Student: 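I'd like to ask some things about the structure below.
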Amino acid sequence: MTARDGATLLALPPSALADRPVATLEDLDRTLDADGLWVLGSSRDPQAFARARGLFDASAFHPPLETGDDGPLSRLTIGRTADGDALEIAVAQGLPSLRTTPNAVSNELRENEPTVAALVCDDVTTTVRPTALETALEGAGTLASALPSDRVTTVLTGGEPAGYDELWHLDADTGAVRAVDHDLLGGVEPLADDCVSVRIQGAGPVEGYSRRQSIASLTLTGDGIERVDTHEITDFGLEAVSRIGPKTAERLAERGVTTRPELLETDLETLADLPRVGRERARTMHRHARVLETGEPRRLTDDSLPGENWSTPPLCLDIETDGLSPTIIWQVGVYDPATDEYRAFVERADPTDPGPVLEAFCDWLLGVHPDRALLTWNGWRFDYRHLGAFIARHVPYYVDEWESIPKFDLYLWAASNENALLPGRTNELGTVSDALGYESAGTGLDGARTAAAYQRFMRTGAPLEWDRHEAYCEDDCRALWHVYERLRDAPRAESWTDSNRSDSSRVAADIPDTESSNEESTSRRTNRRTLRETTTTEQTGLSDF
């Protein structure tokens with residue numbers, strides 16, 4: 001652990017360790033720079049554990065293999081708090097080990113509360129009982145007998161998907177569930193002195209990922225788990241390169257190519273001769289590998305960025321709603337790069353009326369900045385579509401003016417229309433901006449969490465941490481402009497070259513390969529025109545969205 005506050009704990013299923021090439025795991029280790037490595041699983045997997053210990057710099061642990069030297073729990077120091085105190089996690093082999101010596105477990109956690117951020121136990125999971133229309137917490141009785149009462153204990157488990165975060169309040173004597181808090185953005189408190197309050201946070205595979213691909217990165221501080229990020233194992237190593245899937249990676253490995261530098265040292269003809277690759281795909285592989293290695297974006301065409309040649313830059317826009325099918329747009333954030341000023345329009349009083357925020361936003365935009373364009377990240381799919389629909393419904397007198405405003409989408413220009421290659425492991429705004437050196441505000445929020453928080457406000461009237469949620473929206477707007485500036489300053493297409501040879505020193509110096517052929521440039525322009533026509537996403541007025 002270095003000078004930063006807190007620690008990063010990486011949670012991997014054993015299959016991710018067993019199935020991936022060594023070079024992929026080494027890239028994962030370098031990229032995420034974890035302070036601790038948790039090999040998930042309630043059953044023993046010594047081979048995966050040995051692989052983790054041998055390939056990662058971080059201290060590794062595997063709950064079924066852990067035995068406490070001086071008590072029922074193993075404790076691992078993985079970092080330091082802002083005050084310099086040790087930051088630990090306690091690890092239990094499983095629920096049976098907690099059940100054997102419950103008093104010893106409770107005493108150890110209570111005595112070491114200032115330093116132990118969480119208890120790891122992979123046996124802890126929930127099950128849905130359809131006939132009873134309820135969710136049960138497996139091992140509730142054991143947790144109630146082994147964890148301290150009158151406080152909140154965080155339990156990390158691979159038995160729940162990463163992102164699961166609920167507070168279970170259990171009767172200290174019987175383990176019966178008294179209450180479950182589903183939305184914890186407002187903070188966590190014990191229910192009563194005679195109650196065992198357990199915050200269950202998942203680190204296991206998430207829906208939409210195969211069990212061998214999903215990994216989680218948990219940020220721990222002295223106050224608990226600050227954030228949980230999910231990655232695919234294919235975001236690392238050769239498979240992170242555009243146009244390289246598992247089969248192509250296997251074919252490359254057969255030829256001794258297992259890392260991105262080795263890929264860049266392989267001439268285009270050799271890559272093009274691989275089954276179902278061809279020269280154009282080989283060139284894309286080379287180019288994206290270089291972008292990932294250098295961390296620098298590259299422009300694939302000479303097309304201007306949206307609004308790049310305008311006298312005044314576009315306004316960066318982001319909205320927050322109560323879900324993917326929103327009933328309200330409760331926050332509209334706008335960042336003006338020309339003045340470095342941010343403006344937020346937020347509904348804090350009446351979540352049943354979507355009109356006031358939209359009216360205030362349109363009053364300001366049309367009254368103060370009638371000649372400015374707007375810029376979003378993937379807004380043609382979400383922000384612009386919903387703003388247009390809500391404006392038409394709630395402030396219809398502004399529809400014509402709204403539709404006339406030029407609307408740009410940086411994601412559409414860069415990724416969908418293939419004008420640039422981005423250095424992020426994914427094309428999500430946060431990932432791309434992080435890769436390009438943007439320093440986020442660290443709110444710990446994302447779109448889903450802000451939507452859930454506002455849903456709670458709509459149900460209960462309990463206020464949000466408004467400043468925190470405004471900071472999150474502002475952060476996205478500023479991150480968008482950071483990416484825009486980096487793309488604006490990125491090398492143009494004419495600096496790309498094709499080369500049959502490319503060594504690591506040239507890659508590190510970012511010396512280009514060879515010029516794209518006229519045939520490829522024509523093909524790319526045709527593909528972009530086709531994409532625009534089929535998705536009706538020309539970056540002009542609202543009528544095109």
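Source: prediction; values computed, not measured.
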Student: Between Asp475 (side chain) and Ala471 (backbone), is there a donor-acceptor pair under 3.5 Å?
Tutor: no

Student: Look only at the side chain of Thr157 and the backbone of Val124, and say whether a donor-acceptor pair between them is shorter than 3.5 Å.
Tutor: yes

Student: Would you say the side-chain atoms of Trp377 pair up with the backbone N or O of Leu480, donor to acceptor, closer than 3.5 Å?
Tutor: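 Side chain of Trp377 to backbone of Leu480, a donor-acceptor pair under 3.5 Å: no, none is there.
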
Student: Search all heavy atoms of Ala7 against all heavy atoms of Leu87 and return the closest pair with its distance.
Tutor: N-CD2, 4.0 Å

Student: Strictly by modelled atom types, are Thr221 and Glu226 linked by a side-chain donor-acceptor pair under 3.5 Å?
Tutor: no

Student: Is there a side-chain contact between Leu119 and Leu73, using heavy atoms and a 4.5 Å cut-off?
Tutor: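 Yes - at least one pair of side-chain heavy atoms lies under 4.5 Å apart.
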
Student: Inspect the surroundings of CZ in Arg53 and state if more than 12 heavy atoms from other residues, nucleotides or ligands are less than 6.0 Å away.
Tutor: no

Student: So, Arg449 and Asp446, do they make that salt bridge, N to O below 4.0 Å?
Tutor: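 No, no charged N to carboxylate O under 4.0 Å.
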
Student: Step through the shown structure and confirm whether more than 12 heavy atoms of other residues, nucleotides or ligands are within 6.0 Å of CZ on Arg151.
Tutor: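 Yes, CZ of Arg151 has more than 12 neighbouring heavy atoms, counting only those of other groups under 6.0 Å.
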
Student: Taking Arg478 first and then Asp476, would you say they form a salt bridge - that is, a charged N and a carboxylate O separated by under 4.0 Å?
Tutor: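 Asp476 and Arg478: not salt-bridged.
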
Student: Is there a side-chain hydrogen bond (donor to acceptor under 3.5 Å, both in side chains) between Glu88 and Thr115? Walk through the geometry before answering.
Tutor: CA-CA 6 Å; Glu88 296 182 326; Thr115 61; 3.3 Å; yes

Student: Sequence neighbours left out, what passes salt bridge (charged side-chain N to carboxylate O under 4.0 Å, His left out) with Glu470? Give chain and number order.
Tutor: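 Salt bridge (charged side-chain N to carboxylate O under 4.0 Å, His left out) list for Glu470, sorted by chain: Arg348.
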
Student: Do NZ/NE/NH1/NH2 and the carboxylate oxygens of Arg80 and Asp85 come within less than 4.0 Å?
Tutor: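 Answer for the salt bridge query: no.
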
Student: Check step by step if side chain to side chain contact (heavy atoms under 4.5 Å, CB included) holds for Ile225 and Arg199.
Tutor: CA-CA 10 Å; Ile225 311 303; Arg199 184 175 187 175; over 6 Å; no

Student: May I ask you to decide whether Asp27 forms a salt bridge with Arg425, counting only side-chain N to carboxylate O separations under 4.0 Å?
Tutor: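 Yes, this pair counts.
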
Student: For Trp380, does its backbone N or O pair with a side-chain atom of Asp409 as donor and acceptor, under 3.5 Å?
Tutor: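 Yes, the answer is positive, given that a donor and an acceptor are paired below the 3.5 Å cut-off.
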
Student: Between Lys247 and Glu250, does at least one N-O distance fall below 4.0 Å, as a salt bridge requires?
Tutor: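 Judged by the 4.0 Å cut-off on N to carboxylate O distance, Lys247 and Glu250 do not form a salt bridge.
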
